[in-house]
Amino acid sequence: MSISPTIRISPSRAARAMNLLRTVQFTHPPSCPCHSNPAHRHHTPTTIHQARRHLATPLDTSHQKEYAFEMAASSIRFGPGCTKEVGMDFTNMGAKRVMVVTDGNVRKLDAMKQAVEGLSREGIQFEVYDGVRVEPKDDSIKAAIEISKKYRPDAFLAVGGGSVIDTAKLMNLYTTFPEADFLDFVNAPLGKGMPIQSKLYPLVAVPTTAGTGSETTGTAIFDLVSKRAKTGIAHRNLKPTLGIVDPFNTRTMPSAVHASSGLDVLCHSLESWTAIPFYERTPRPANPIQRPAYQGANPISDIFSLQALRDTVKYLPRAVKDPEDHEAQSQMLLAATLAGVGFGNAGVHLCHGMSYPISGQNPGYKHAGYEVEHKIIPHGVSVAVTAPAVFKFTGASNPERHLKAAEAFGVDISNVKQESAGEVLSEALAEFLIKLGDQPRGLKHLGFGKEHVDELVEGTIPQARVLMLAPNLEMSNLEAEREQLRGLFEEAMEY
């Protein structure tokens, strides 16, 4: 039996190229910083797993990216006149002693009258605290906490804007944990950032402004005076048990308050829509209780954020210009709640991170239309004033999302190049703010100058909780981060 000679077939060009690539792959590990990093976003989970098997030392889990997101929000009741049901809600919860939290102005309004009548009808014992400060500082928060500890309530009712609801959240927290140090739960690095290990007392929130969305979120913000920085506490267990969202309660808002609170909704929706995706966030929590409330953009938050943006663009100008446009006011209140659910789970980023030192380092500005004795840059104003600069900067991170946002402002994006996405959204935002009227056109109009930039930068850097969600920001290199923030504040001086 004869054996036929082996016949060798010349490989095709494609086969030769594939063989060469295999040789390079298995004999020369890649030197590209992206492709040699198993945690880089170009790699699939399978690739990461294969790479891990070849490591001689344990993997640093602090650099592992997130793989899951959670959805958490307060129960929400929406409808004109539903404030009158609040007494029955506390009866249903079994509450006996309710701490009612409000401010001096809201105490005179019908929302408080409805709430108090509801409690009285049910025979529920309550005490009213009306000492909340608009844009609260840590000393005003601590004073409110002491009142609450002395009263020893078993439930809380907040009637007012974001400042009132946030103050009530912190009264609830430190009444539940009376031995805790004030900085224990405050966001790191300004505080210890400890998680809230158990549920708090029931808290019902009745918003009287259409802006913060605080009735849906586990976040409370205040000024930490000693650090000249705005900070706060964020955890799912801080969120209200129930938000009673009653359009009747925003009809008394002055036009200036409609505008500034609406601008907060605008930036909540834009920032959560453009935040880094949840699967890019590091580190992956070792325990679910450590998963932050602000997780990055995710498929559920996207739905709420984009709808809130569209509604704000449509209804905010109407609500500001016509105090009798009750449809626009009602839709803005709903938009604030939608945005609250969106950003309460996805988070915000640069506009909010930069706003905290802007309001905390106010050089003397007092916004027209606010009936307060102290100087004030309303939160929505401090957030929106940097928005044109911010979204011009973040545009390259995700052109498709920035163009989708520009489209919500009425921009025809059919022929816009992707590399122009940030600039197009920036211009649409600036035009919207100008047409809204009575808005400071940049930091200069708040009294800031170039001599303030370094302090504003240093006041922004501690806001790691929100900055970690900012696209394009070099947080791994402090000096590079400083330079980027410096450029953003300089760009935001005027638009």
Distance-only donor-acceptor hits, side chain of residues 198-213, under 3.5 Å, sequence neighbours excluded:
residue	atom	partner	partner atom	Å
Thr208	OG1	Gly161	N	3.4
Thr212	OG1	Ser214	N	3.0

* **Sidechain-backbone polar pair: Arg236 side chain, Ala73 backbone, donor-acceptor under 3.5 Å** => no
* **Partner set under side chain to side chain contact (heavy atoms under 4.5 Å, CB included) for Thr386, not counting sequence neighbours** => Cys351, Met354, Ile358, Val390, Ala492
* Asked: Would you call Lys65 and Arg281 a side-chain contact if the rule is heavy atoms closer than 4.5 Å?
  -> no
* Side-chain donor-acceptor pair present, Asp264, His268, cut-off under 3.5 Å -> yes
* Any donor-acceptor pair under 3.5 Å linking the side chain of Gln484 with the backbone of Glu474? -> yes
* To do: Any chance you could measure Leu485, atom CG, to Ile461, atom CD1, to the nearest 0.5 Å?
  => 6.0 Å
* Geometric cation-pi criterion Lys142 and Phe182, 6.0 Å radius, 45° cone -> yes
* Asked: Can you tell me how far the CD1 atom of Ile141 sits from the CG atom of Asp138, to the nearest 0.5 Å?
  -> 8.5 Å
* Asked: What's the shortest heavy-atom distance between Ser255 and Val320, and which atoms?
  -> OG-O, 2.9 Å
* Is it the case that Ser382 and Ser359 place a side-chain donor and acceptor less than 3.5 Å from each other? -> no
* Asked: Do Ser269 and Phe343 touch side chain to side chain, with heavy atoms closer than 4.5 Å?
  -> no
* Are any side-chain N or O atoms of Lys149 and backbone N or O atoms of Pro178, one a donor and one an acceptor, separated by less than 3.5 Å? -> yes
* Look at the side chain of Lys230 and the backbone N and O of Ile221, then say whether any donor-acceptor pair between them is shorter than 3.5 Å. => no
* Taking atom types as modelled and ignoring hydrogens, do the side chains of His349 and Thr274 form a donor-acceptor contact shorter than 3.5 angstrom? -> yes
* Can you sort out the partners of Phe126 under ring-ring contact (aromatic ring centres under 6.0 Å, His included), two or more places apart, ordered by chain and number? => none
* Asked: Donor-acceptor pair, Asp223 side chain versus Val225 backbone, under 3.5 Å?
  -> no
* Atom OG of Ser355 and atom CG of Leu350: how far apart are they, to the nearest 0.5 Å? -> 10.5 Å
* To do: Look at the side chain of Ser305 and the backbone N and O of Ser301, then say whether any donor-acceptor pair between them is shorter than 3.5 Å.
  => yes
* Measure from the side-chain N and O atoms of Lys366 to the backbone N and O of Ile377, and report whether any donor-acceptor pair falls under 3.5 Å. => no
* Compute whether any side-chain donor of one residue and acceptor of the other, for Asn172 and Thr175, lie under 3.5 angstrom apart. => no
* To do: Evaluate salt bridge (Lys or Arg N to Asp or Glu O under 4.0 Å) for Lys239 paired with Glu215, printing each intermediate quantity in order.
  => CA-CA 7 Å; Lys239 69 184 188 312; Glu215 67 277 3; over 6 Å; no
* Asked: Which side-chain hydrogen bond (donor to acceptor under 3.5 Å, both in side chains) pairs, counting each pair once, include a residue from residues 75-95, with sequence neighbours left out?
  -> Arg77-Glu85, Arg77-Asp89, Thr83-Asp246, Thr83-Asn249, Thr91-Glu122
* Heavy atoms, side chains only, cut-off 4.5 Å: are Phe156 and Val100 in contact? -> no
* To do: Please name all residues satisfying ring-ring contact (aromatic ring centres under 6.0 Å, His included) with Phe90, sequence neighbours left out, ordered by chain then number.
  => none
* Structure fact -> Residue set satisfying side chain to side chain contact (heavy atoms under 4.5 Å, CB included) with Pro317, at least two apart, ordered chain then number -> Phe432, Leu436
* Asked: What pairs meet the salt bridge (charged side-chain N to carboxylate O under 4.0 Å, His left out) rule with one or both residues in residues 341-350, with sequence neighbours excluded?
  -> none
* To do: Ignoring hydrogens and angles, state whether a donor on the side chain of Tyr370 or Ser260 is under 3.5 Å from an acceptor on the partner side chain.
  => yes
* Does any donor atom in the side chain of Glu271 or His352 lie under 3.5 Å from an acceptor atom in the other side chain? -> yes
* To do: Taking the side chain as every heavy atom from C-beta outward, state whether Leu473 and Glu481 have any pair of such atoms under 4.5 Å apart.
  => yes
* Contact check, side chains of Thr282 and Gln64, non-hydrogen atoms, under 4.5 Å -> no
* Structure fact -> Contacts satisfying side-chain hydrogen bond (donor to acceptor under 3.5 Å, both in side chains) that involve residues 459-473 (not counting sequence neighbours) are none
* Residue list, ring-ring contact (aromatic ring centres under 6.0 Å, His included) with Phe78, at least two apart or on another chain -> none
* Step through the shown structure and confirm whether more than 12 heavy atoms of other residues, nucleotides or ligands are within 6.0 Å of OH on Tyr279. => no
* Counting only N and O atoms by type, is there a donor-acceptor contact under 3.5 Å from the side chain of Gln295 to the main-chain atoms of Glu70? -> yes
* To do: Check whether any side-chain heavy atom of Thr231 sits under 4.5 Å from a side-chain heavy atom of Leu224, and report yes or no.
  => yes
* To do: Might you confirm whether atom CG of Asp139 has over 12 heavy atoms from other residues, nucleotides or ligands at distances under 6.0 Å?
  => yes
Going by atom type alone, with no hydrogens or angles, which donor-acceptor pairs under 3.5 Å involve a side-chain atom of residues 108-115 and a protein atom two or more places apart or on another chain?
none

* Partners passing ring-ring contact (aromatic ring centres under 6.0 Å, His included) against Tyr129 (at least two apart in sequence or in another chain) -> none
* Please assess Asp154 against Lys96 for the test salt bridge (Lys or Arg N to Asp or Glu O under 4.0 Å), listing each intermediate value before the final yes or no. => CA-CA 7 Å; Asp154 60 7; Lys96 305 296 183 186; over 6 Å; no
* To do: First locate atom CD1 of Ile147, then atom CE of Met99, and finally report the distance between them rounded to the nearest 0.5 Å.
  => 7.0 Å
* **Stepwise salt bridge (Lys or Arg N to Asp or Glu O under 4.0 Å) check, Glu327 with Arg318** => CA-CA 9 Å; Glu327 180 197 12; Arg318 285 173 48 182; 2.8 Å; yes
* When rounded to the nearest 0.5 angstrom, what is the spacing between CE in Met194 and CZ in Phe185? -> 5.0 Å
* Structure fact -> Taken to the nearest 0.5 Å, the spacing of Phe278 CZ from Asn298 CG works out to 6.5 Å
* So Asn345 and Ile300, side-chain contact (heavy atoms from CB on, under 4.5 Å) or not? Walk me through it. -> CA-CA 9 Å; Asn345 289 279; Ile300 297 179; over 6 Å; no
* To do: Could you list all the salt bridge (charged side-chain N to carboxylate O under 4.0 Å, His left out) pairs where at least one residue sits in residues 297-315, not counting sequence neighbours?
  => Asp302-Arg401
* **Main-chain N/O of Pro323 paired with Gln329 side-chain donor or acceptor, under 3.5 Å** => yes
* Asked: Less than 4.5 Å apart, any side-chain heavy atom of Val101 and any of Val132?
  -> yes
* Kindly say whether Asp181 contributes a backbone atom to a donor-acceptor pair with the side chain of Asp184 at under 3.5 angstrom? => yes
* Residue pair Ile376 / Val134, side-chain heavy-atom distance below 4.5 Å -> yes
* Is the closest side-chain donor-acceptor distance between Thr216 and Ser74 under 3.5 Å? -> no
* Asked: What is the minimum heavy-atom distance between Tyr294 and Leu469, and which atoms define it?
  -> CB-CD1, 3.7 Å
* Structure fact -> For Ser148 and Pro153 the tightest heavy-atom approach is O-CD, 3.2 Å
